Amino acid sequence: MAIEDLRKIITLEIPKDIVLFRYRNYFICSFLLYGMNFTDMAYLKVSNVINGRIKFRRKKTGKLFDIKITGQLSEILNIYLKGKSRDDFIFPVIKRADPALQEREISWERQRYNAGLKKIGELCGIEQKLTTYVSRHSFATQAMLNDVPLQAISAMLGHSKLNTTQIYLKMLPTNILDSYNEKLVSAI
């Protein structure tokens, strides 16, 4: 996703009482949390917020993450942290104690979230189909375009192998490739 499209999502005016407000916040938080996947976001608890950082273990791999809470992230998190205790989930996805029901709640909310992202994309005039994974892939692409080393991107995404990260970055937008080509041609 182009940075301009990401900015459109961030600046989209959505009233707080509309569900799209929450879905936009999920998307931005995912991006700001190193492209965190939706399941890991759903399981985040208030207790994962420690000294201005989000500390958690990724469900899929068990890898420990320790991410600094930036100003933009703090603004969004504060909306969901108000009035909650340490054992509460940050985002309003999981409401039940039974693990099997929690997985179902995450699945249902992911479906609604993806449908909401489609509407957000339309409101922003974004042609690319938005899904929960677009924020993750966009994080990886933007990190690469901002000269973050591949090994750092891989660590930030929680990949154990560099080739997994390379798969994420393989599909660069043609306008980015065109711009690189123009730089090379103009250097001749």
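Hydrogens, waters and symmetry mates are skipped; everything else that's a heavy atom, side chains included, is used. Nothing here was measured: the structure is a model prediction, and the numbers come from that model.
- Applying the 6.0 Å contact sphere to NZ of K8 captures more than 12 heavy atoms from other residues, nucleotides or ligands.
- Residue-environment remark: CD (Q151) stays at or below the threshold of 12 foreign heavy atoms within 6.0 Å.
- Cluster annotation: L81 and I94 are assigned to the same hydrophobic cluster (Ile/Leu/Val/Met/Phe/Trp/Tyr, side-chain heavy-atom contacts under 4.5 Å, transitive).
- Side-chain contact check for L117 versus V134: every heavy-atom pair is 4.5 Å or farther apart.
- At a threshold of 4.0 Å, the pair R58-D40 counts as salt-bridged, since one of the basic side-chain nitrogens sits closer than that to a carboxylate oxygen.
- Taken together through direct or relayed side-chain contacts under 4.5 Å among Ile, Leu, Val, Met, Phe, Trp and Tyr, F89 and I79 form part of one hydrophobic cluster.
- In this structure, Q72 places its CD atom where only 12 or fewer heavy-atom neighbours from other residues, nucleotides or ligands lie under 6.0 Å away.
- Atoms CD and OG1, from E103 and T39 in turn, are 6.5 Å apart once rounded to the nearest 0.5 Å.
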Worked verdict on L123 versus I14 for side chain to side chain contact (heavy atoms under 4.5 Å, CB included): CA-CA 10 Å; L123 290 170; I14 305 173; 5.6 Å; no
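- Put simply, Y133 and F27 are part of the same group of oily side chains (I, L, V, M, F, W, Y) that touch within less than 4.5 Å, one to the next.
- Counting heavy atoms from C-beta outward, L20 and L12 have side chains that stay 4.5 Å or more apart.
- Between Y113 and Y23, the angle of the ring planes lies from 30° to 60°, which puts this pair in the tilted group.
- Between S30 and F38 there is no side-chain heavy-atom pair separated by less than 4.5 Å.
- Residue K119 qualifies as open at atom NZ: its count of foreign heavy atoms under 6.0 Å is 12 or below.
- In terms of hydrophobic clustering, with Ile, Leu, Val, Met, Phe, Trp and Tyr side chains grouped at heavy-atom distances under 4.5 Å, M41 and I50 are assigned to different clusters.
- Going from atom OG1 of T131 over to atom NE2 of H137 covers 7.5 Å, rounded to the nearest 0.5 Å.
- Using a 4.5 Å cut-off on side-chain heavy atoms (C-beta onward), I9 and M1 make contact.
- For the pair S154 and L150, the minimum side-chain heavy-atom distance is 4.5 Å or more.
- Atom NZ of K84 is surrounded by more than 12 heavy atoms from other residues, nucleotides or ligands within 6.0 Å.
- Here the CD atom belonging to E13 is positioned 8.0 Å from the CZ atom belonging to R24, to the nearest 0.5 angstrom.
- Scanning all heavy atoms of the two residues, the minimum distance from I106 to A42 falls at CG1-CB, 3.8 Å.
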Steps toward side chain to side chain contact (heavy atoms under 4.5 Å, CB included) verdict (I54, F65): CA-CA 8 Å; I54 298 275; F65 280 80; over 6 Å; no
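- We find the CD-OG1 distance between Q111 and T132 to be 11.0 Å, quoted to the nearest 0.5 Å.
- The closest donor-acceptor contact from the side chain of R96 to the backbone of Q102 lies at 3.5 Å or more, if one exists at all.
- Among L33, L77, L32, I76, the one residue that satisfies the side chain to side chain contact (heavy atoms under 4.5 Å, CB included) test with I69 is L77.
- In this structure, N48 and K45 have side chains that are in contact, with non-hydrogen atoms separated by less than 4.5 Å.
- Smallest separation of non-hydrogen atoms from F31 and S135: CD1-O, 3.7 Å.
- Within the 4.5 Å cutoff, the side chain of L44 has heavy atoms near those of the F91 side chain.
- A140 and I153 make their closest contact through O-CD1, 4.0 Å (heavy atoms, listed as atom of the first residue, atom of the second, distance).
- Between the OG1 atom in T141 and the CG atom in N146 there is a gap of 11.0 Å [rounded to 0.5 Å].
- Taking CZ of F56 as the reference point, atom CE of M36 lies at 3.0 Å (rounded to 0.5 Å).
- Between Y34 and R136, the closest heavy-atom pair is O-NH1, 4.0 Å.
- Sorted by first and then second residue, the salt bridge (charged side-chain N to carboxylate O under 4.0 Å, His left out) pairs involving residues 65-78 (not counting sequence neighbours) are R53-D66, K55-D66.
- Contact between V148 and A152 at its shortest, heavy atoms only, is CG1-CB, 3.7 Å.
- Hydrophobic clustering (ILVMFWY, side-chain heavy atoms < 4.5 Å, transitive): V19 and I120 are in one cluster.
- When the shell of 6.0 Å around NZ of K16 is examined, it contains 12 or fewer heavy atoms from other residues, nucleotides or ligands.
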